[in-house]
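Order of appearance sets the numbers: ligands from 1, and atoms from 1 within every ligand. These figures come from a predicted structure and were not determined experimentally.
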Amino acid sequence: MRKDGFNRRTILTGTTALGAAGLLPRRVLAQSATPAPQAAGTLPARGEFVVRGAHVLSMDDKIGDLPQGDVHVRDGAIVAVAASVNAPGAQIIDGKGMICMPGFVETHWHHWTSFLRPLMRQDDPKKTYFPVTFKCGIHYTPDDSYQSVRLGVSQALSAGITNTHNWAHNVRSPAHADAEMRAMHDVGIRGRFAYGCALGLSNDKPMDLADLARAKKQWVGKDGMLTLGICSRNVDGSLGGTRGAINVAMVKKEWGTARDLGLPITLHTSGKGAIKTLDGAGLLGSDLILVHPLGLSAEDIAALAKHGVRYSSSPVGEARRSGQMQIAELLQADVRLSLSVDHTTTYDCDFFNSMRFLYTINKHRMGKKFNITMRRVVQLATMDGARDLGMDDRIGSLTPGKRADLILIRTTDDNMSPIGDPYDALVQLAQPNNVDTVVVDGRILRRGGKFTALDYDLVIRQAADTLAALKVRAKWP
Ligand SMILES: [Zn+2]
């Protein structure tokens with residue numbers, strides 16, 4: 001048995017063996033400095049394997065937790081979760097010393113901004129998120145979108161996030177939309193693409209509504225890896241009009257088209273105003289995910305609960321904003337909540353940290369009145385995200401019949417060992433570098449803390465090269 005906990009019978013035996021087997025994409029292996037889209041169809045194959053002897057946190061209420069359990073996966077689906085699974089012929093992954101749980105389900109992330117990180121400085125007002133993204137965003141080519149999203153979703157996988165909600169509020173053309181979705185597809189993450197308008201579009205002009213049906217037909221396949229929705233500009237000046245501020249008539253036009261196509265909607269909103277406006281116009285619904293629940297009135301919260309509206313909280317970013325996080329009030333009112341990253345230009349995509357922030361900030365505000373179990377926090381980061389994205393019949397828990405999106409987390413690392421309650425360890429102690437193995441739809445995308453097929457160094461290099469060209473076009477100092 002190797003030190004990393006995997007024996008020789010595992011399906012994928014590392015990058016070298018994959019390359020030798022001809023399974024690695026040539027374009028990914030290529031060392032060319034020329035930015036080139038990674039070829040499609042180059043992901044590791046789905047196979048049959050069983051994780052043995054892990055501490056299984058199924059997040060399925062019927063199955064519960066198994067201090068020592070097995071998870072059997074075949075052809076991308078979870079076949080069985082039990083204390084002991086008979087799976088002759090399946091490859092073995094030794095789960096001893098690891099937590100096996102569903103991958104994190106993230107519900108709001110502007111991946112198109114990911115590669116702008118080197119331009120940002122949190123302590124220089126001219127180089128914070130909004131000035132940088134506005135100045136550079138209007139110069140994006142489709143390849144910029146591709147490279148940035150590919151970097152972002154790769155980092156998501158590194159952190160154990162197997163599903164992301166790609167909040168694309170800078171779709172400058174159908175080709176930009178395609179580039180973002182192709183990046184998600186190529187890296188192998190599961191997610192929703194929230195189609196938005198081009199940054200800087202006049203508030204009296206609609207987004208490219210004609211392209212929504214085309215994008216849905218082209219990208220939303222039966223494999224369930226990609227789903228589609230829209231991201232709306234802000235409503236009635238909420239959030240000070242950043243990223244546009246459209247009136248109710250435009251909201252009805254855009255949202256109406258989306259709803260006619262069966263596409264869900266997402267919107268930034270904090271503070272009083274927008275929710276009341278939307279409620280008054282009859283626009284709230286369970287197909288709506290709002291982002292950043294801060295400074296809500298009691299009436300807002302009641303309206304959200306009444307209409308089944310979901311809220312995505314990005315605790316790390318929200319901790320820097322004015323307005324109180326009201327997680328306790330929202331949960332008490334039975335408003336549906338999930339967790340998100342927002343962006344990775346001045347934050348990280350450490351979902352353990354997101355859980356920790358959510359707990360800590362709300363505990364700081366409310367003390368003993370914030371009574372939440374660590375399991376409930378992990379549920380927000382997994383099953384509740386799946387539910388809010390309408391994916392809970394496919395992902396979010398380790399349940400036979402669901403797709404196999406799972407992660408293994410080492411509990412033997414210095415920061416985790418000796419481990420007590422696993423949920424407490426996940427929320428209070430864990431870090432992305434404890435994530436050993438990442439499986440999406442039965443494909444083992446990361447193992448031993450490394451990508452099995454993706455050449456991540458190349459992803460970074462191509463992103464840097466593409467950003468250098470963008471800086472010239474944007475006349476960035
Ligand atoms: Zn956002």
E318 side chain to S313 side chain, donor-acceptor N/O pair below 3.5 angstrom
yes

Examine all N, O or S atoms of H268, backbone included, and report whether one is under 2.8 Å from the Zn ion (ligand 1).
yes

Write the atom name of the N, O or S atom in H110 that is nearest the Zn ion (ligand 1).
NE2

To the Zn ion (ligand 1), the closest N, O or S atom belonging to D342 is OD1

Check whether F451 forms a cation-pi arrangement with R446 (NZ or CZ under 6.0 Å from the six-membered ring centre, at most 45° off the ring normal).
yes

So, T141 and D144: side-chain donor and acceptor under 3.5 Å apart, yes or no?
yes

Would you say H292 reaches the Zn ion (ligand 1) with an N/O/S atom under 2.8 Å?
no

Please indicate whether K363 has more than 12 foreign heavy atoms, meaning atoms of other residues, nucleotides or ligands, lying under 6.0 Å from its NZ.
yes

